[in-house]
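The model shown is predicted, which means the values in this text are computed figures rather than measured ones.
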Amino acid sequence: MKTLVIGAGEVGMNIARTLVTDGQEVTVIERDPDRAEQARAELDALVVEGNGASPRLLKETGVAGFDLLAAVTTIDEVNVIAALSAKSQGVATVVARVRDPDFFEPGQASQTGVMGIDFVIDPDRATAEDIAETIALPGSVSVEYFSEGRLALVELIVGEDSPLIGRPLSERERPQPAYIVAGARAGVPFLARPDTVPEVGDHLILSTARENVREAVAYLVGHVEPIRNVIIFGGGRIGLPLARALEEKNVAVTVLERDAKRSTELAAALGRALVINDEGISRESQEDANVGTAGAFIACAGDDRANLVAALNAKRIGAGLCLATISREEFSPLVDALGLDASFSPRLITAEAILRFVHTKSVKALHFFRTGFEAMEMEVEPGAEIIGMAIGETHGILSHCRVGALLHDDTVEIPRRGTEISEGDRLLVLGEQGTLREIESAFGGGR
């Protein structure tokens, strides 16, 4: 497949890098000379410097010969014009990153078939949805659902009361059908092994059926309580839809917003939430707002540095789950260094959603973890190489990853060594980013 990516920011680079690794032919258009040069240095792709919204430049680039265009600059108008121009010149599939709420139905983070654009996504609303899902599952720091919501992949933090502490995973009790597939310790990721001994503070990635997810997470974390009150730092593009989503889940919400005019707008837009016009970063400001008693503190203002400092202060004064949104990848390592529970990247979430929409036939869904892992839901097509093989006996095909769950005849199974793989099965596979493309061909037909 030939793909044209408009914009070489973090979203565009992530999409381009993933598709290049996938063996696809990629061209990138970037207006900024420095970013264009960086893209040339990092990507095995053709990089064109110029305005991606220019019909003339698109024509010169040979856009009519591309199968896919992804317009992912930070400017809505550029993305929409580029997508519509490409569509008019014969590109089969066009996707765009758009923040304008007029493109979406109420409460939706993405839409298909809008104004002739095949797929549009609002990165901020998508981030708000992901955070709200996490708050709704006590004990988790992120959760993603697969197979039309039947499979859950959860990141959790091992607490002091966890039954996992001090014993190998092979010896743990299994009151719920669930599988620990991977984790991270002090920010260093690892694939789970039978002899892995969890420690307090480890992040673990767990797969299970959706109906078992609450009990499994609560048991493995230790003691958890539902989050009943949340304080949101920043009432902007993420903060407002997040507050609305949490209100719908009957969570008590307080919003700290430094801009007086925006505070008034928030108070009018929200139903029950308390809006406080305050800077919200300093320890004194947070103590005045009773941040220390919050079940969760979510820093989602438009400034990465402010988010990190605010979340750090909230953690220090006793808030429960402390999360921060991070737009720039270089700030991600600070999340672990500062002892925060997790971060959410609107740009990474956008890239993930677009890649889900455009990926190959055998890949039904994918998810990126901040720790460096990716998860794919892969369907075994007729004639696939992997048919008839068993988990643990796949001749090295799955040696660098873990199969977290298997959907067979609409039944969720936690696979064990010897579980046979059949045509039509869906496997939830996790590995380090970039490694899963190596196994994709084994799931496709035509062997």
Chemist: What is the minimum heavy-atom distance between Phe373 and Phe190, and which atoms define it?
Modeler: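 Here Phe373 and Phe190 meet closest at CZ-O, 3.4 Å.
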Chemist: Would you sort out whether Thr419 and Glu413 count as a side-chain hydrogen bond (donor to acceptor under 3.5 Å, both in side chains), showing the intermediate values?
Modeler: CA-CA 9 Å; Thr419 300; Glu413 298 182 13; 5.2 Å; no
Chemist: Going by the side chain to side chain contact (heavy atoms under 4.5 Å, CB included) test, name the single residue among Ile121, Ile354, Thr350 that passes it with Ser110.
Modeler: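 Going through Ile121, Ile354, Thr350 one by one, the side chain to side chain contact (heavy atoms under 4.5 Å, CB included) with Ser110 is satisfied by Ile121 alone.
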Chemist: Using atom types as modelled and distance alone, determine if a side-chain donor or acceptor of Ser162 lies under 3.5 Å from a backbone N or O of Leu220.
Modeler: yes
Chemist: Considering the options Asp122, Asp76, Asp124, which one meets the side chain to side chain donor-acceptor pair (under 3.5 Å) requirement together with Arg99?
Modeler: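 The residue from Asp122, Asp76, Asp124 that satisfies side chain to side chain donor-acceptor pair (under 3.5 Å) with Arg99 turns out to be Asp124.
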Chemist: Determine whether the side chains of Glu155 and His203 contain a donor N or O and an acceptor N or O closer than 3.5 Å.
Modeler: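 A pair is found: one side chain offers a donor N or O, the other an acceptor, under 3.5 Å apart.
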Chemist: The test is salt bridge (charged side-chain N to carboxylate O under 4.0 Å, His left out); show your working for Arg328 and Glu10 and say whether it passes.
Modeler: CA-CA 8 Å; Arg328 295 169 58 183; Glu10 288 187 21; 5.6 Å; no
Chemist: Answer yes or no for Arg210 and Tyr145: cation-pi contact, defined as NZ/CZ to six-membered ring centre under 6.0 Å and angle to ring axis within 45°.
Modeler: yes
Chemist: Crowded around Glu330 CD? As in, over 12 foreign heavy atoms under 6.0 Å?
Modeler: yes
Chemist: Does Asp100 have more than 12 heavy atoms from other residues, nucleotides or ligands lying within 6.0 Å of its CG?
Modeler: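 Yes.
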Chemist: Between Pro123 and Arg97, what is the shortest heavy-atom contact and its length?
Modeler: CG-NE, 3.8 Å
Chemist: Can you tell whether the side chains of Arg347 and Glu352 come within less than 4.0 Å, N to carboxylate O?
Modeler: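 Not counted as a salt bridge, because no side-chain N and carboxylate O are separated by less than 4.0 Å.
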Chemist: Mark yes when over 12 heavy atoms from residues, nucleotides or ligands other than Arg316 sit less than 6.0 Å from its CZ; otherwise mark no.
Modeler: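 Open.
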Chemist: Any Lys/Arg nitrogen of Asp195 or Arg193 sitting under 4.0 Å from an Asp/Glu carboxylate oxygen of the other?
Modeler: yes
Chemist: If the threshold is 4.0 Å, N to carboxylate O, is there a salt bridge linking Asp202 and Arg185?
Modeler: yes
Chemist: As a quick check of understanding, evaluate side chain to side chain contact (heavy atoms under 4.5 Å, CB included) for Arg283 and Ile317, giving each step before the final call.
Modeler: CA-CA 8 Å; Arg283 186 184 184 102; Ile317 66 175; 3.4 Å; yes
Chemist: Shortest non-hydrogen contact from Ile414 to Ser207?
Modeler: CD1-O, 3.9 Å
Chemist: Heavy atoms only: give me the nearest Phe297-Ala319 pair and the separation to one decimal.
Modeler: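 Scanning both residues, the minimum pair turns out to be CB-CB, 4.1 Å.
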Chemist: Find the distance between CD1 (Ile232) and OG1 (Thr254) and round it off to the nearest 0.5 Å.
Modeler: 9.0 Å
Chemist: Donor-acceptor pair, Asp118 side chain versus Val95 backbone, under 3.5 Å?
Modeler: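 Answer holds: no.
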Chemist: For a quick test of reading the model, state the closest non-hydrogen atom pair linking Val251 to Arg228 and the distance between them.
Modeler: CG1-O, 3.6 Å
Chemist: Any side-chain donor-acceptor pair under 3.5 Å between Gln176 and Thr208?
Modeler: no
Chemist: Glu133 and Lys249: salt bridge (charged side-chain N to carboxylate O under 4.0 Å, His left out), yes or no, with the steps?
Modeler: CA-CA 10 Å; Glu133 289 280 7; Lys249 297 179 184 295; 5.0 Å; no
Chemist: Does any N or O in the side chain of Glu247 come within less than 3.5 Å of the main-chain N or O of Asn250, such that one atom is a donor and the other an acceptor?
Modeler: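 Such a contact is absent between Glu247 side chain and Asn250 backbone.
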Chemist: Check this for me: does any side-chain nitrogen of one of Asp278 and Arg258 sit under 4.0 Å from a carboxylate oxygen of the other?
Modeler: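 Looking at Arg258 together with Asp278, the answer is no, because their closest N to O distance does not fall below 4.0 Å.
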Chemist: Less than 4.5 Å apart, side chain to side chain, heavy atoms only: is that true for Phe146 and Leu407?
Modeler: no
